[in-house]
Amino acid sequence: QVHLVESGGGLVQAGGSLRLSCTASGRTFSSVTMAWFRQAPGKEREFVGTINRITGSTDYADSVKGRFIISRDSAKTSAYLQMNSLKPDDTAIYYCAASPRYAFTAHPADFPSWGQGTQVTVSS
């Protein structure tokens, strides 16, 4: 089991930036792919982006491409989500997830490990 802990959420004005962190512990060797999802009130959980911890390759949802950047630390146990040019539509609870899959996937069901979530609120 991989234990994930997110941090860095908060309140920011539209156009501002936030950086979320996700730290993995436990069976980290089984967390080849780490991803960020978000869920706004009354909406389904939505894929934001993903990173392969081994190669550093990334992929993003079209809605955040060019504004959000996912990275990892040198120890490859933490992933980060740098969010720039934030919009009110980005308001949601952001979740970090981990999967043993090597190939990219945007399906929540492919991620057996989840963090507790961190609230991001963007005011207009």
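Relative to the six-membered ring of Y80, R72 misses at least one condition, a distance below 6.0 Å or an angle of at most 45° to the axis. Because its NZ or CZ atom is not both nearer than 6.0 Å to the ring centre of Y95 and within 45° of the ring axis, R38 does not count as a cation-pi partner of that residue.
Less than 6.0 angstrom separates the ring centroid of F111 from the ring centroid of F37.
Side-chain contact check for L86 versus L18: some heavy-atom pair is nearer than 4.5 Å. With contacts defined as side-chain heavy-atom distances shorter than 4.5 Å, the pair V12/M83 does not qualify. Between S71 and Q82, the closest side-chain pair of non-hydrogen atoms is not below 4.5 Å. The shortest distance between side-chain heavy atoms of E46 and S63 falls below 4.5 Å.
Note on I51: it clusters hydrophobically with V2, by side-chain heavy-atom contacts below 4.5 Å among ILVMFWY residues. When hydrophobic clusters are built by joining Ile, Leu, Val, Met, Phe, Trp and Tyr residues whose side-chain heavy atoms come closer than 4.5 Å, directly or via intermediates, L81 is grouped together with V120.
Under a 3.5 Å cut-off, the side chain of T50 and the backbone N or O of M34 do form a donor-acceptor pair. When atom types are taken as modelled, the side chain of T33 and the backbone of R101 share a donor-acceptor pair closer than 3.5 angstrom. No donor-acceptor pair under 3.5 Å is formed between the side chain of N52 and the backbone N or O of S57. Within the 3.5 Å criterion, the main-chain N or O of T121 finds no donor-acceptor partner in the side chain of T91. Counting only distance, with no hydrogens or angles, the side chain of S113 and the backbone of A97 share no donor-acceptor pair below 3.5 Å.
When all heavy atoms are compared, the tightest approach of K65 to D62 is NZ-OD1, 3.2 Å. Here the closest non-hydrogen pair linking V48 and V64 is O-CG2, 3.4 Å. Closest approach of P112 to Q1, counting heavy atoms only: O-NE2, 4.4 Å. Nearest heavy atom pair, residue I54 against residue V32, reads CG1-CG1, 4.1 Å. For the residue pair S99 and D110, the shortest heavy atom distance occurs at OG-O, 2.9 Å. Residues A98 and L4 approach most closely at N-CD1, 3.7 Å, considering heavy atoms.
Only one option out of W114, Y94, W36 pairs with E6 in a side-chain contact (heavy atoms from CB on, under 4.5 Å); it is W36.
Salt-bridge check for K87 with D90: failed, with every basic side-chain N at 4.0 Å or more from each acidic carboxylate O.
Atom CG of L20 and atom SG of C96 lie 9.5 Å apart (nearest 0.5 Å).
A 6.0 Å sphere centred on CD of Q116 holds more than 12 heavy atoms belonging to other residues, nucleotides or ligands. Counting heavy-atom neighbours within 6.0 Å of K43 NZ, excluding the residue itself, gives a total of 12 or less.
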